[in-house]
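Here is the structure we will look at, set down as structure tokens.
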Amino acid sequence: MDAPDSPKLANFILEEVAKDLRTGRFNYVRTRLPPEPNGYLHIGHVKAFLIDYFTAKEFGGELYLRFDDTNPAKEETEFVEAIKEDIQWMGIQWVKETYASDYFDRLYEWAVRLVKMGLAYVDDQSPEEMSASRGTLHKAKWGEADMALKPGIESPYRNRSVEENLDLLERMKNGEFPEGSRVLRAKIDMSHPNILMRDPVMYRIIRTAHHRTGNKWCIYPMYDWSHGQNDSMEGITHSLCSNEYTIHRPLYEWFLEQLDEFRSRQIEFSRLNLTYAMMSKRKVRKLVEMGIVRGWDDPRLTTLRGLRRRGVTPEAIINFVIQTGETKNDSWVEMAQLEACIRDDLNKRAQRRMAVLHPLKVVIDNYPEGQVEWMDAINNPEDESAGTRKVPFSKVIYIEQDDFRETPPPKYFRLYPGNEVRLRYAYLITCTSVTRDPLTGAVTEVHCTYDPATRGGDAPDGRKVKSTIHWVSAQHAVPTEVRLYEQLFTTDKPDDFEDLDSIINPHSLEVLTNCFVEPSLAEAKPGDKFQFERTGYFCADLDSAPGKPVFNRTVTLKDTWAKIEKSTKL
RNA sequence: UGGGGCGUGGUGCAAUGGCAGCACAUCAGCCUUUGGAGCUGAGUAUCUUGGUUCGAAUCCAGGCGCCCCAGCCA
């Protein structure tokens with residue numbers, strides 16, 4: 001697999017890392033990519049991963065993949081494999097795969113050191129008691145003492161002897177106490193203005209089998225007691241994370257300072273917010289469980305698997321991430337920007353084909369019965385090396401219903417009675433009459449005549465036609481199913497809503513079962529990407545079978561006519 | 001309001017004391033055997049007030065707004 005090239009990027013993280021190298025704080029660069037194996041990756045994670053990857057790469061450094069598996073109640077091996085597969089698909093390469101659980105023994109030793117230093121203690125308070133004694137964030141309410149904030153209250157167990165703490169911690173580890181009965185806490189400052197410094201929990205008792213360490217452990221480290229220590233143990237120089245961890249940095253640094261261990265540096269950046277995308281793992285899970293989408297790889301989802309199935313390439317995603325840049329600003333990137341990157345990428349790589357999604361039968365009255373001509377068609381005007389192919393033409397063809405109007409609206413250039421259009425790569429045809437359903441009066445067939453002198457689409461007399469439309473020969477047409485997607489949500493910020501039913505776009509999936517595509521598409525394999533001329537980019541779905549392809553619409557082409565029609569109607 | 005973070009066109013990102021620029025989006029035009037692609041142009045921005053300076057998006061001071069934190073989640 002090709003690794004994405006380091007693009008020419010510049011951002012504040014790179015500047016900080018360069019500075020660290022210049023000042024000698026570090027003499028190499030190592031970053032880590034820290035997924036928690038409790039769900040599938042989405043495009044927001046990818047942004048974070050790409051930052052880790054490119055930052056290391058920019059300085060000739062290395063990237064570790066470290067699974068943050070500190071909570072056995074939530075994590076599973078299944079997700080480990082899925083995450084690795086997704087990261088590999090993106091082309092992100094790591095030099096070493098590790099797990100937070102690899103360091104449980106050493107981390108425990110470090111905890112014992114802290115206890116011996118008098119900097120950690122076992123607390124017997126209940127979760128409720130601890131919560132109540134943590135103090136408050138805001139100024140005390142009216143009527144109460146006029147103090148800046150309510151400090152926390154020290155635990156009655158805070159001043160146990162080192163010996164007692166050591167004994168209790170050992171017994172917590174050995175499983176002598178029930179889940180939730182005790183924790184190990186760092187002894188810092190219960191009146192610290194940063195609430196994370198008010199004696200944070202380091203270990204809690206969880207009696208659940210871990211996906212890697214089984215039943216060996218009865219205590220598991222909290223994020224704050226695991227992540228930074230693991231960074232240090234691995235010699236990670238730069239621990240890049242999202243802004244919400246900024247407030248954790250003092251604690252991150254406190255632990256390493258007290259332990260006098262290698263000091264990794266945490267740098268925060270803002271995470272990606274994408275309009276019309278659901279980024280919350282919990283809510284995506286809900287969509288799957290409620291059956292609103294067909295699974296974690298539903299093409300309407302911005303999970304990596306969803307995007308992949310939809311037909312989006314890693315390159316498009318990478319370009320998108322680079323385009324949107326890195327800052328600490330809270331920001332909302334428009335979905336249109338992602339779509340633009342997808343079009344830009346697919347325009348260069350996708351071969352063109354003709355496909356009729358909403359078929360209308362056209363009979364070319366003066367074309368010889370039974371005759372078939374194989375027309376030359378260009379595979380990709382953006383890429384000469386893609387070559388050409390032959391497309392069969394015959395007396396009866398299908399065109400798009402939208403490409404015919406009995407009474408044309410203003411500025412409509414396509415087929416209508418008396419008008420001449422070009423059939424792409426074939427002939428100029430003129431509409432002469434229509435056949436109707438005797439009951440409904442609906443047009444069932446359009447009759448045309450063709451000009452035999454215009455084979456290939458050029459008129460010898462130089463006359464111009466304003467429109468070129470696509471078509472498929474009826475006798476050669478391959479029937480297919482096509483799935484059209486729109487935004488899954490009716491709101492641009494779906495994460496703000498808890499009642500998912502109320503924000504689902506009922507038209508987010510439209511299944512077309514009566515489509516016809518040219519014969520070269522019959523054997524399309526899952527993942528094959530095409531541009532259906534004038535319609536959009538499409539990708540053969542996993543559900544495709546030989547001779548029976550199914551296509552997902554990745555993204556539409558820009559539709560200028562739709563815009564004109566809309567504006568003239570208004 | 002205790003602590004922390006962040007404020008540049010509609011959106012995202014640049015400009016690191018010296019002509020506020022790029023991409024997406026929007027609008028207009030050119031071109032076109034995809035009403036695709038491409039090309040050209042237009043409109044719209046430095047949160048605010050004051051200060052320093054020949055000169056401020058940038059430095060200083062005050063104000064305003066938005067976001068994050070009171071899990072034995074990560």
Side-chain angles (χ1 to χ4, degrees), chain A residues 10-11 15 34-36 38 68 70-71 73-75 123 125-127 130-132 134-140 147-152 179-185 192-198 201-206 219-220 222-224 226-227 241-250 268 270 275 320 322-341 343-344 347-348 352 354 378 381-382 411-414 422-426 428 456-458 464-470 531-536 556-565 567:
Chain A
N11 61 52
E15 286 173 16
E36 183 188 12
N38 69 344
D68 225 333
T70 57
N71 189 345
K74 297 170 67 175
E75 296 143 6
D123 195 343
Q125 291 184 106
S126 69
M130 270 185 59
S131 175
R134 191 158 5 237
T136 57
L137 254 31
H138 298 285
K139 193 171 190 148
M147 44 196 350
L149 79 167
K150 208 163 139 195
E179 190 161 310
S181 61
R182 285 181 166 86
V183 292
L184 182 73
R185 285 230 251 177
H192 197 107
N194 179 345
I195 211 145
L196 279 157
M197 299 296 273
R198 320 242 266 226
V201 172
M202 295 166 62
Y203 278 112
R204 77 287 211 190
I205 299 170
I206 299 178
I219 56 173
Y220 291 90
M222 297 286 289
Y223 167 84
D224 284 311
S226 173
H227 201 97
C241 61
S242 51
N243 283 157
E244 63 211 88
Y245 292 99
T246 304
I247 194 167
H248 293 250
R249 183 160 20 97
E268 310 87 15
S270 62
T275 61
F320 170 73
I322 290 166
Q323 261 185 29
T324 51
E326 310 312 333
T327 64
K328 291 168 99 88
N329 301 348
D330 288 344
S331 64
W332 281 91
V333 181
E334 290 174 346
M335 184 64 89
Q337 189 147 1
L338 208 213
E339 289 174 351
C341 289
R343 285 194 191 96
D344 185 56
N347 180 45
K348 286 177 245 156
R352 316 285 127 122
M354 290 197 284
I378 294 166
E382 307 290 319
K411 294 185 187 166
Y412 187 85
F413 305 141
R414 280 115 92 148
R422 173 168 33 240
L423 293 176
R424 177 135 236 225
Y425 300 127
L428 264 35
D458 286 312
K464 300 281 186 208
V465 293
K466 288 205 96 160
S467 185
T468 300
I469 64 174
H470 61 275
Q531 184 199 96
F532 290 175
E533 297 224 16
R534 306 205 302 135
T535 307
T556 61
L557 247 21
K558 279 200 215 156
D559 191 346
T560 306
W561 165 244
K563 211 178 271 180
I564 293 169
E565 193 177 31
S567 67

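Predicted, not measured: the structure shown is a model, and the values here were computed from it. Proteins get letters first, then strands, A, B, ... in listed order; numbering begins at 1 in each.
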- Sorted by position of nearest nucleotide on RNA chain B, 5' first, the leading residue of Q337(A) and Y425(A) is Q337(A)
- Nearest of rC69(B), rG36(B), rG35(B) to any side-chain atom of W561(A)? rG35(B)
- Residue-phosphate contact under 4.0 Å: T136(A) side-chain N/O, rA70(B) OP1/OP2: no
- Tell me what I564(A) touches on the nucleic acid: a base, only sugar-phosphate, or nothing, going by heavy atoms under 4.0 Å. base
- At under 4.0 Å between heavy atoms, what does R414(A) touch on the DNA or RNA strands: base, sugar-phosphate, or nothing? base
- Message: Counting the atoms with a prime plus P, OP1 and OP2 as sugar-phosphate, which does D224(A) contact under 4.0 Å by heavy atoms, base, sugar-phosphate, or nothing?
- Response: nothing
- Query: Between rU16(B), rC72(B), rU34(B), which one does the side chain of E15(A) approach most closely?
  - Reply: rU16(B)
- Message: Applying a 4.0 Å non-hydrogen cut-off, can you work out what V201(A) is touching in the nucleic acid: base, sugar-phosphate, or nothing?
- Response: sugar-phosphate
- Please measure how far the P atom in rC24(B) lies from the corresponding atom in rU40(B), and state the result in whole Å. 12 Å
- Which of these nucleotides, rA37(B), rC73(B), rG35(B), is closest to any side-chain atom of N71(A)? rC73(B)
- Query: How does RNA chain B read in dot-bracket, base by base from 5' to 3', with Watson-Crick or G-U pairs under 3.5 Å and | used when the partner is on another strand?
  - Reply: .((((((..((((....[..)))).(((((.......)))))....(((((..]....))))))))))).....
- Task: Using a heavy-atom cut-off of under 4.0 Å over every strand shown, decide if E382(A) touches base, sugar-phosphate, or nothing.
- Result: base
- Closest to the N329(A) side chain: rA74(B), rG3(B), rU8(B)? rU8(B)
- Message: Heavy atoms only, 4.0 Å cut-off, all strands: where does F532(A) land among base, sugar-phosphate and nothing?
- Response: nothing
- Sugar-phosphate means primed atoms, P, OP1 and OP2; the rest is base. With that split, encode nucleotides 26-31 of chain B 5' to 3' as B, S or - using protein heavy atoms under 4.0 Å. SS----
- Query: So, do I205(A) and S181(A) sit near enough that their side-chain heavy atoms are less than 4.5 Å apart?
  - Reply: yes
- Query: Are K348(A) and D344(A) ion-paired here, with the side-chain N under 4.0 Å from a carboxylate O?
  - Reply: yes
- Message: In this structure, how many angstroms lie between the C1' atom of rG36(B) and the CE atom of M354(A), rounded?
- Response: 14 Å
- Query: According to a strict under-4.0 Å criterion, is R134(A) in side-chain N/O contact with OP1 or OP2 of rG71(B)?
  - Reply: yes
- Can you tell me, in whole Å, how much space there is between the P of rA15(B) and that of rU49(B)? 25 Å
- Would you indicate what I247(A) reaches in the nucleic acid, counting non-hydrogen atoms under 4.0 angstrom: base, sugar-phosphate, or nothing? base
- Out of rG36(B), rG71(B), rA74(B), minimum distance to the side chain of S131(A) belongs to rG71(B)
- Nearest-Å distance, CD1 (I469(A)) to P (rU34(B))? 13 Å
- Where is the tightest heavy-atom contact between E75(A) and D68(A), given as atom of each residue plus distance? OE2-O, 3.5 Å
- Query: Between rG3(B), rA25(B), rU34(B), which nucleotide gets closest to the side-chain atoms of R343(A)?
  - Reply: rA25(B)
- Is the shortest heavy-atom distance from the side chain of L137(A) to the side chain of I195(A) under 4.5 Å? yes
- Message: In the structure I gave you, are the side-chain heavy atoms of M222(A) and V183(A) within less than 4.5 Å of one another anywhere?
- Response: no
- Just compare rU11(B), rC72(B), rG35(B) and give me whichever is closest to any side-chain atom of E334(A). rU11(B)
- Check whether any side-chain N or O of N11(A) sits under 3.5 Å from a backbone N or O of G325(A) as a donor-acceptor pair, and report yes or no. no
- Item | Distance, C1' atom - from rG43(B) to rG50(B), rounded to whole angstrom | 32 Å
- Message: Angle between ring planes, W561(A) versus Y412(A), binned at 30° and 60°: parallel, tilted or perpendicular?
- Response: perpendicular
- Message: Any non-hydrogen side-chain atom of T556(A) less than 4.5 Å from a side-chain atom of R343(A)?
- Response: yes
- Query: Taking the side chain of P127(A) as heavy atoms from C-beta outward, which of rC72(B), rG36(B), rA74(B) is closest to it?
  - Reply: rC72(B)
- Query: Rounding to a whole Å, what distance do you find between I378(A):CD1 and rG36(B):P?
  - Reply: 17 Å
- Return no unless some side-chain N or O of T70(A) is found under 4.0 Å from OP1 or OP2 of rA74(B). yes
- Task: Between rU8(B) and rA70(B), how far apart are the C1' atoms? Round to whole Å, please.
- Result: 35 Å
- Rounded distance in Å - NE2 (H192(A)) to C1' (rG3(B)): 8 Å
- Considering residues at least two apart in sequence or located in another chain, which fulfil the side-chain contact (heavy atoms from CB on, under 4.5 Å) criterion with W332(A)? N273(A), T275(A), K493(A)
- Please report, rounded to the nearest Å, how far the P atom of rC73(B) is from the CE atom of M202(A). 15 Å
- Message: At 4.0 Å (heavy atoms only), tell me whether P381(A) reaches a base, stays on the sugar-phosphate, or touches nothing.
- Response: base
- Taking CZ from R422(A) and P from rG35(B), how many angstroms apart are they, rounded to a whole number? 9 Å
- Message: Just to be sure I understand the rule, does S226(A) reach a base, reach only the sugar-phosphate, or reach nothing, if contact means heavy atoms closer than 4.0 Å?
- Response: nothing
- d(CD, E326(A); P, rC13(B)) in whole Å: 9 Å
- With stacking defined as ring centroids separated by under 5.5 Å and planes differing by under 30°, is F413(A) stacked against rG35(B)? yes
- Message: Please pick, from rG12(B), rA74(B), rC6(B), the nucleotide with the shortest atom-to-atom distance to any side-chain atom of M222(A).
- Response: rA74(B)
- If you look at every strand shown and take non-hydrogen atoms under 4.0 Å, does Q531(A) touch a base, only sugar-phosphate, or nothing? base
- Taking for each residue the nucleotide of RNA chain B with the nearest heavy atom, is it G325(A) or Y245(A) whose nucleotide lies nearer the 5' end? G325(A)
- Note on the structure: Rounded to whole Å, CZ of F320(A) lies from C1' of rC13(B) at a distance of 12 Å
- Return no unless some side-chain N or O of T560(A) is found under 4.0 Å from OP1 or OP2 of rG36(B). yes
- Looking at rG36(B), rG2(B), rA70(B), which one has an atom nearest to any side-chain atom of P193(A)? rG2(B)
- Query: Any idea which heavy atoms bring R534(A) and Q531(A) closest together, and the distance?
  - Reply: N-OE1, 4.3 Å
- Message: What contact category does H248(A) fall into here, base, sugar-phosphate, or nothing, at under 4.0 angstrom with non-hydrogen atoms?
- Response: base
- Query: OP1, OP2 of rG35(B) versus side-chain N and O of R534(A): anything below 4.0 Å?
  - Reply: yes
- Message: Could you tell me how far rC39(B) sits from rA23(B) if I compare only their P atoms? Round to whole Å.
- Response: 10 Å
